[in-house]
Amino acid sequence: MEQNTFDLVAGARPNFMKLAPLVRAFAAIEEELEARGLGWRIVHTGQHYDAAMNDVFFSELGIPVPDVHLEVGSGTHGAQTARIIERYERHLIENRPVATVVFGDVNSTVACTLAAVKLQIPVLHVEAGLRSFDRTMPEEINRVLTDTVSDMLFVSEPSGMANLEREGVSGDRAYLVGNVMIDTLARELPRAAATGIAGRLCVEPGGYGLMTLHRPANVDNPGVLRPVLELLVEFSRSLPMVFPVHPRTQKAVSEHGLDHLLKANGTLKCIPPLPYHENLSLMSQARVVLTDSGGMQEETTYLGVPCLTLRANTERPVTVTHGTSRLVGNDPKNIAKAFDDVMAGQWAKRQDIPLWDGKASERIVRILVDRFSA
Ligand code: UD1
């Protein structure tokens, strides 16, 4: 039977742990797909290209080598987005899919959405409906634009459904399916536990903090970055701190002459970006996590680990209302107060979140197969 193929599009690090479970859910019903004339292929835009930001996740999570690679690389938002649109459009014209599946809120998400929708190819957005209501964040623009023109919206938490309803999205376009990234976490946790990364870094389970930082609002301005790093150095005097440094952050640290802070003492351990399992392992055993990552807010909530979210707002409010995340912004006083609260054991406990059960991808694939079968 002739195949109607889904394009599964990923480009940047946070996409890969969302792509992996969907690929697995498709692969698990290969025979049924065949019978229904459906297939899938992976398209990688190349937004992230360093091995540490990219290849390592494919091998760890068992994601097959992409069928198509657009090799766009870095650039300004305009240049990067335009390059993806141009190259993905060319691919679409030559290899028209039955639909394009996009993930999350990175530039690759919105760029591939625009290329597909202009060719009247249905766009299916996984992790739709999230809103920080902060349009200074490039991701918020990406979310709003992607959702506006997507045909099907797969939502990870109840706030996403409420946001879409408020924006006039009709009920038959939006599906509350749960969190595909938690599918990956739940599956990979035993492998994470076996990495032994804490021992290699000479930190004890429950006896260290983990920080990640990469948002432009936190790292691009030295007036913000320097005090946060100084605070990290101070924390590390009472609690060893592990800091995997994102390429954007490393670039900013060097440009602003802050490298000495990263070498301040032996209990602040600055290391290159971590592979998935090692990062998950460190997160799961940390006394506290400090981060501006959207994904890690969700992962710490699932793991029940206190999370100081270094942002003024979040598009993932369930991590604050039902989880272990507290918004502390980037003011050192707020961060220090929250850190003290964690150390004093004064922190919210996690509650169960509906549909964060490891089966979100199966639900999505079932909906897609029913909708797109010939
Ligand atoms: C992107 C996403 C962000 C996501 C983050 C996770 C957008 C708008 N932003 O931000 O939502 O949370 O990924 O990492 O899509 N670089 C490398 N190697 C790489 C990739 C990038 O060195 O493999 C450097 C380049 O100097 C580049 C800079 O990092 O200019 C920023 O990369 P970019 O993809 O533009 O944005 P991120 O900050 O990574």
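None of the values given here were measured: they were computed from a predicted structure. Read the numbers this way: they start at 1 and go in the same order the structure lists the ligands and their atoms.
Considering Leu327, Thr291, Val328 as possible partners of Leu308, the one that fulfils the side-chain contact (heavy atoms from CB on, under 4.5 Å) test is Val328.
Selection from His77, Arg13, His246, Met53 by nearest heavy atom to atom 37 (P) of ligand 1 gives His246. For atom 28 (C) of ligand 1, the candidate residues are Gln47, His214, Arg248; the nearest heavy-atom contact is made by Arg248.
Listed by atom number, the atoms of ligand 1 under 4.0 Å from Asn107 heavy atoms are 7 (C), 8 (C), 15 (O). Within ligand 1, the atoms closer than 4.0 Å to a non-hydrogen atom of Ser74 are 21 (C), 25 (C), 27 (C), 30 (O), numbered from 1 in the order shown. Listed by atom number, the atoms of ligand 1 under 4.0 Å from Pro247 heavy atoms are 16 (N), 17 (C), 22 (O), 24 (C). Taking a cut-off of under 4.0 Å to the non-hydrogen atoms of Pro14, the atoms of ligand 1 that pass are 4 (C), 6 (C).
Of the N and O atoms on the side chains of Ser74 and Gln80, not one donor lies less than 3.5 Å from an acceptor on the other residue. Side-chain N/O atoms of Asn221 and His256 include no donor and acceptor closer than 3.5 Å. Between Glu298 and Thr319, the side chains place no donor N or O within less than 3.5 Å of an acceptor N or O (distance only, hydrogens not considered).
Ranking the protein heavy atoms by distance from atom 11 (O) of ligand 1 puts Glu139 OE2, 2.5 Å first. The protein atom (non-hydrogen) at minimum distance from atom 2 (C) of ligand 1 is Val106 CG1, 3.8 Å. At the top of the distance list for atom 18 (N) of ligand 1, counting protein heavy atoms only, stands Asp50 OD2, 2.9 Å. For atom 32 (O) of ligand 1, the nearest non-hydrogen atom of the protein is His48 NE2, 4.2 Å. Here the protein heavy atom with the shortest distance to atom 16 (N) of ligand 1 is Tyr49 OH, 3.6 Å. Closest protein heavy atom to atom 26 (O) of ligand 1: Lys251 NZ, 3.3 Å.
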>> With side-chain contact (heavy atoms from CB on, under 4.5 Å) as the criterion, how do Leu262 and Phe243 come out once you've worked through the C-alpha distance, each side chain's angles and the decisive distance to 0.1 Å?
In response: CA-CA 9 Å; Leu262 302 193; Phe243 182 24; 3.9 Å; yes
>> Quick one, Phe6 with Phe26, criterion ring-ring contact (aromatic ring centres under 6.0 Å, His included). Give me CA distance, side-chain angles, the key distance, then yes/no.
In response: CA-CA 10 Å; Phe6 292 101; Phe26 271 123; 5.4 Å; yes
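Using a 30° and 60° split on the angle between ring planes, Phe235 and Phe339 fall in the parallel class, below 30°. Between His69 and His44, the angle of the ring planes stays under 30°, which puts this pair in the parallel group of the 30/60° scheme.
Listed by chain and number, the hydrophobic cluster partners of Leu355 are Leu153, Val155, Met161, Leu164, Val169, Leu176, where partners are ILVMFWY side chains within reach of under 4.5 Å, directly or through others.
An N or O contact shorter than 3.5 Å is missing between Asn142 and ligand 1 by distance.
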